[in-house]
Amino acid sequence: MRETRDTETPVEPSEIIDLVSPEVARRILATATERECTAEELAEECDVSVPTIYRHVNELQEHGFLDESLRIEQSGNHRKAYETTLERVCLTFADGLVSADIHIQKDFIDKFSEFWNDLNFSRVELRS
């Protein structure tokens, strides 16, 4: 089960706008909200080449907007599949500045990993 979580990001709002401005990027995000998709499935859905999909997928993954998993098919082939984690981006224009709030979906494993990392960085001693 995934849960929405607000995140703070060092990404500039202009980077976010540039990232989601291309129609292909928006179609990838929209398509991958419905189901996990391989690059080939996304290329067919978006009517672009597979290399174009990978370029956009890599950029979206760098910013945490897409999650990657391994799909094992009945034939035994393994393929990467992508799912959208980005739920929404809220841009705020105030006092001559632009700020962005990014809302992504996190599953239990992601939340536990963050919790564990926070414990390590806070130097909390765990005793058995």
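Nothing here was measured: the structure is a model prediction, and the numbers come from that model.
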State whether the side chain of [X] and the backbone N or O of [Y] hold a donor-acceptor pair below 3.5 Å, judged by distance alone.
{"X": "His56", "Y": "Tyr54", "answer": "no"}
{"X": "Arg79", "Y": "Ile72", "answer": "no"}
{"X": "Thr85", "Y": "Gly64", "answer": "yes"}
{"X": "Thr38", "Y": "Lys80", "answer": "no"}

Going by heavy atoms in the side chains, are Leu66 and Leu29 under 4.5 Å from each other?
yes
Check: residues 43-50 side-chain donor-acceptor pairs under 3.5 Å, at least two apart:
unit_1 : atom_1 : unit_2 : atom_2 : d
Ser49  : OG     : Thr52  : N      : 3.3
Ser49  : OG     : Thr52  : OG1    : 2.9

Rounded to the nearest 0.5 Å, how far apart are [atom1] of [X] and [atom2] of [Y]?
{"X": "Glu36", "Y": "Asp67", "atom1": "CD", "atom2": "CG", "answer": "8.0 Å"}
{"X": "Leu19", "Y": "Glu62", "atom1": "CG", "atom2": "CD", "answer": "9.0 Å"}
{"X": "Glu83", "Y": "Arg35", "atom1": "CD", "atom2": "CZ", "answer": "11.5 Å"}
{"X": "Leu60", "Y": "Arg55", "atom1": "CG", "atom2": "CZ", "answer": "10.5 Å"}
{"X": "Ile16", "Y": "Phe65", "atom1": "CD1", "atom2": "CZ", "answer": "5.0 Å"}

Residues Thr33 and Ala30: closest non-hydrogen pair is OG1-O, 2.6 Å
Which pair of heavy atoms, one from Val20 and one from Ala25, lies closest together, and at what distance?
CA-CB, 4.4 Å
For side-chain contact (heavy atoms from CB on, under 4.5 Å), just list the numbers for Asn58 and Gln61, CA-CA rounded to whole Å, side-chain angles, deciding distance to a tenth of an Å, and then say yes or no.
CA-CA 5 Å; Asn58 289 338; Gln61 280 187 293; 4.0 Å; yes
With Glu34, which residues qualify under salt bridge (Lys or Arg N to Asp or Glu O under 4.0 Å), at least two apart?
none
Is there a side-chain contact (heavy atoms from CB on, under 4.5 Å) between Ile53 and Val24 once you walk through the steps?
CA-CA 8 Å; Ile53 290 296; Val24 172; 4.2 Å; yes
Charged N to carboxylate O under 4.0 angstrom, Arg71 versus Glu41?
yes
